[in-house]
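See structure below.
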Amino acid sequence: MEPLGFVDAHVRDLRERGLFRPLPVLESPQGPRIRIGGRELINMSSNDYLGLANDAALREAAMAGAKTWGGGAGAVRTIAGTLDVHQALEAEIAAWKGVEATLVFQSGFAGNLGTIPALVGRGDVILSDELNHASIIDGCRLSRAEIRRFAHADADSLREQLAGCTADQRKLVVTDGVFSMDGDIAPLPDICDAAEAYGAMVMVDDAHGSGVLGRGGRGSVDHFGLHGRVQVQLGTLSKAIGSMGGYIAGSQALRDYLTHTARPVLFSTSHPPAVVETTRAAIRVLTREPERVERLWDNARFFKQGLSDLGMDLGRSATPITPVIVGEAERAHALSDRLRQRGVFVQSVAFPTVPRDAARVRAMVSAAHSRDDLAQAIDAFGEAMRGL
Ligand SMILES: *Cc1c(COP(=O)(O)O)cnc(C)c1O
């Protein structure tokens, strides 16, 4: 028996069933228009909401960071891998978010894997929205706490689950702030009310909320004015912020606690200086140019109105994430292919990521799209849908 035989068999099976999807390779930098397979396409698939990923200020900062501080960080945070610039970045994110302190992780994914098991363990209980992101689910599993799922965005269902816990159990309520497949926003005020009634901690994963919701993109907690009522905010630096990484925002005590307990902090090397300086530049741009967030929302309204006028089903989206729900997986894949033929890059999403009858293409609007890009994309949607 070939030890890796199951791998070959799996890939062969995917190919035979037409399910093997080669990685799309960009032959240009990230941006509103990208090149794939030698063709320029309008890019409606990346999370670069504010057009920061390839911004001149970020490019310059990356080079300056490497030039001054070198290539790698050389150690984990707790040993010798905390450079002056790491600390500076964390203070700057804290000032921007309006919290006491932050702690940066290698990615948002690592932030969830590190933070959730540091907050709860065996004998404790996690209350988790049924549509939470994979990295929350994995963090919950790693913790060994009991996991109780509540119905999506349903504070009454959350209350029922909380009522079934014992009073002495430590409880963590965790939810996405913005849900990545539907673009809807978690009902955080109701979730906080429910959690407070039962003495539970609240953690919000704001990966798609950071840089998008709230004043100047400060996130969903700011959007709802819930400062002080959400103990743990997780944000990503890899989407709207245009760089790479994740952060936990909260109290100084929370930061101090996690520097002693979160395993990606203790056992995995910190960001290279170029990444840190790229992120610092992004926070500066975001602070200086909050109008980028307004442009993002203007673009989202324009694009979504255009698709609605064509009679498309955008589900429950309340953000720039624009799902176009078409039903069967085959229809979603065909729509994505037809859009690509018409110069628009939009990826399809099907079961098991979304329900079987709700396959979709998911279009991501950016502040960097011109009105021309969006008008062209709307036309392409109209044509591609006809005769599908
Ligand atoms: C993208 C995402 C993450 C992971 O963030 P990375 O920085 O890309 O690792 C975590 N949570 C949610 C809800 C996300 O959408």
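Atoms within each ligand, like the ligands themselves, are counted from 1 in listed order. Side chains are part of it too, since the values below use all heavy atoms of this structure and drop only hydrogens, waters and symmetry mates. These numbers come from a predicted model, not from an experiment.
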Just jot down the ligand 1 atoms closer than 4.0 angstrom to any heavy atom of [X], in number order.
{"X": "His208", "answer": "15 (O)"}
{"X": "Ser238", "answer": "6 (P), 7 (O), 8 (O)"}
{"X": "Asp205", "answer": "10 (C), 11 (N), 12 (C), 13 (C)"}
{"X": "Gly245", "answer": "7 (O)"}

- Taking atom 10 (C) of ligand 1 as the reference point, the nearest protein heavy atom with its distance: Ser135 OG, 3.3 Å

- Message: Suppose we measure from atom 4 (C) of ligand 1 to each protein heavy atom; which comes out shortest, and what is that distance?
- Response: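 For this ligand atom, the closest protein heavy atom is Phe109 N, 3.6 Å.
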
Salt bridge or not for [X] and [Y], using N-O below 4.0 Å?
{"X": "Asp182", "Y": "Arg360", "answer": "yes"}
{"X": "Asp55", "Y": "Arg292", "answer": "yes"}
{"X": "Asp8", "Y": "Arg12", "answer": "no"}
{"X": "Asp298", "Y": "Arg295", "answer": "no"}
{"X": "Asp193", "Y": "Arg229", "answer": "yes"}
{"X": "Asp373", "Y": "Arg33", "answer": "yes"}
{"X": "Arg331", "Y": "Glu328", "answer": "no"}

Heteroatom proximity flag, [X] to ligand 1, N/O under 3.5 Å:
{"X": "Asp176", "result": "no"}
{"X": "Gly108", "result": "yes"}
{"X": "Leu234", "result": "no"}

- Where does Lys239 meet ligand 1, judged by heavy-atom distances below 4.0 Å: at the side chain, the backbone, both, or neither? side chain

